[in-house]
Every structure is written in structure tokens, then in C-alpha cells.
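Let me begin by presenting the structure, written as C-alpha cells, before commenting on it.
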Amino acid sequence: MKKAVFQKSILSVAMGTAVLVSASNAVAQTDNSLQQQAVKAEPMNSVDPYEGFNRSMFAFNMAFNDSIGKPVANAYNNVVPQPLRTGVSNVFDNLSTPISAVNCFLQGKVEDGLSEIMRFTINSTFGLFGILDIAEPAGLEAKNEDLGQTLYTWGMWTESNYLVLPFVGPFTTRELTGGLVDSSYDPVYINWIEADEGERRLIYMTDGFIQYSKVVNLIDDIKNQPDPYVFSRESYLQHRTNLIYDGKPPQPALDDFNFE
């Protein structure tokens, strides 16, 4: 039964590729002017309109990290062998690949979208459902696209605010909105994994914990900064900006600097 469901998912993704490629070609043609217009805007708001709320949530998350989060994450890292942790992380990374492929196509990045489909197919079959990432060494690097990036590419949401939520940490408002929409039509849960809403939330929470366990020891470095909140905010906004521009954000003009 599981094999049939898996084969159905691969077939569905393959069949949908042709439709997505055609749609993405149209998107690419109509979005060139939008991209040129959007690139002139700053993708993130230079003002922090939710700073009061964000700082309180940041303090709450830091306290939770110190009392519960860090001990649990360290226990996981110390008890579970590294190969097993890598395999679990690879599975969750693989589950995010189809939605990344969809957003590649929506942004007009046809080659990247096909690459993501190939990644998912190879890792899901020869990589034992994604436990082994054999696509990366083969030159198929993860693209990590989401609807938040797509909205900016379309010029529909050219400036986003920083937001910190309890337990789950930082987002941008554009990223959070896009993520909620992405989760509603994620091909993995339509064609591959038969999960209800509660099971989906459990999967997302587990994925969040896995990602958190990778960086938990870096939080002490954040706490040692003059203003940990500002350091965390600027680092995260830079991270999202790099994702939007595929690691090649536009350099500010010299006129933007005040040399006095």
C-alpha cells in the first residue's frame, strides 16, 4: 500500500511538471518587469514596527531555551548517533523539496524546478525515502524556495516586517504568510503522506526541533552580543534577503553610505 502511494506521488509530481513548466514560462515572461521593479525596493522594512512585542517574545524564547529547549536539544544531540541524526534531518529536508520545486516554477526558474523534482525523485527512491542525500553529491543542490520569496519576486509584497513568535522564533511577515499558504497545498501531503491536520502539525514541530538542535549551541554567541535582539534580527533579515536573491543580494550604492 505504501509503495503504491509512493509511486502515485512520483507519478503525480511528474505529470504536474509539464503543467507547471508551461505556467512558469508565462510567469517568467510577465514577471520580468515586476522583478526589475522589485529589485529596486528593499525586501525588508528598515523600521521594526513590532519591536516591543518582538523583544518580549525574544526574551521569552531565550528563557525557554535556557530552561527547557537547550537541555532537550543537547540530550538529543548527545544520545542519538550522528549518522542517525543526519538521516532524520535528510528525511525532513527531502519532504520540503516538492514545495520548493513548485515555487521555483512559480518564479519562472524552470531549470531549478526540474532540479528539485530530480532531487526528490532520486533521494526518495535510491536514497531510501530521503534518509541518504545522494542528489547533493551528484550536483543537485537544494534550492530552498518558498512562497514568501515568490511573493517578493512577483512584486506583490516588496517590503516585509520582522516578527518573533513564541517557541518557533523569528519570521518575516511575508515568509510567515507564504508558509501558511504553502502548507495548505504541499504536494507531499496531497500525494504521498496521508496525514490529518494534527499529524501535519506534529511533523512540522518535529522538523522545527531538528533544525533547532543544529544551531542550539550558537545561541550562546547571540547572548554575548551587545544587543542580542538586534543582532538576531539583523542576522535573520540578512538570511532571508540572501534567500530571495539566491545568495547574491544587490550591493548598496556608495551614495547610501554616510562617510562623514
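Heads up: numbering here begins at 1 and tracks the sequence. Since this is a predicted model, take the numbers as computed values, not measurements. These values consider heavy atoms only, across backbone and side chains, with no hydrogens, waters or symmetry-generated copies.
- Judged purely by atom type and a 3.5 angstrom limit, Asp207 has no side-chain atom pairing as donor or acceptor with the backbone of Ile203.
- Asp182 CG to Ser96 OG: the interatomic distance, rounded to the nearest 0.5 Å, is 10.5 Å.
- Judged by distance alone, with hydrogens and angles left aside, the side-chain atoms of Ser235 form no donor-acceptor pair with the main-chain N or O of Ser232 at under 3.5 Å.
- Ser56 places a side-chain N or O within donor-acceptor distance of the main-chain N or O of Phe53, the cut-off being under 3.5 Å.
- Salt-bridge formation is detected for the pair Lys223/Asp66: a Lys NZ or Arg NE/NH1/NH2 atom is positioned less than 4.0 Å from an Asp or Glu carboxylate oxygen.
- Rounded to the nearest 0.5 Å, atoms CG (Asp146) and CD (Gln107) are 8.0 Å apart.
- The environment of CE in Met62 is crowded: more than 12 heavy-atom neighbours from other residues, nucleotides or ligands sit within 6.0 Å.
- Listed for the Asp246 side chain is no donor-acceptor partner under 3.5 Å among the backbone atoms of Asn242.
- Side chain of Arg85 to backbone of Val80: a donor-acceptor contact under 3.5 angstrom is found.
- Using modelled atom types, one finds no donor on one side chain facing an acceptor on the other under 3.5 Å when comparing Tyr76 with Tyr212.
- Salt bridge absent: Glu159 and Arg174 never bring a charged side-chain N and a carboxylate O closer than 4.0 Å.
- Atom CD of Glu199 has more than 12 heavy atoms from other residues, nucleotides or ligands within 6.0 Å.
- Of the residues Lys109, Gln149, Glu145, Glu116, the one that meets the side chain to side chain contact (heavy atoms under 4.5 Å, CB included) test with Asn103 is Glu145.
- Using a 4.0 Å cut-off between charged side-chain N and carboxylate O, Asp112 and Arg119 make no salt bridge.
- Checking side-chain atoms of Asn123 against main-chain N and O of Leu128 turns up no donor-acceptor pair under 3.5 Å.
- Note on Arg200 versus Asp186: no salt bridge recorded, every NZ/NE/NH1/NH2 to OD/OE distance being 4.0 Å or above.
- Relative ring orientation between Phe64 and Phe167 is described as perpendicular, the plane-to-plane angle rising above 60° on a 0-90° scale split at 30° and 60°.
- With hydrogens and angles ignored, the 3.5 Å screen pairs no side-chain donor or acceptor of Ser115 with any backbone N or O of Glu111.
- Distance alone, capped at 3.5 Å, is enough to place a donor-acceptor pair between the Asn77 side chain and the Ser213 backbone.
- The distance from atom CZ of Arg233 to atom CG of Leu163, rounded to the nearest 0.5 Å, is 13.0 Å.
- Two rings, from Tyr162 and Phe171, have their centers 6.0 Å or more apart.
- For the side chain to side chain donor-acceptor pair (under 3.5 Å) test, residues two or more places apart in sequence or in another chain that qualify with Asn45 are Asn161.
- Judged purely by atom type and a 3.5 angstrom limit, Ser160 uses its side chain to pair as donor or acceptor with the backbone of Thr173.
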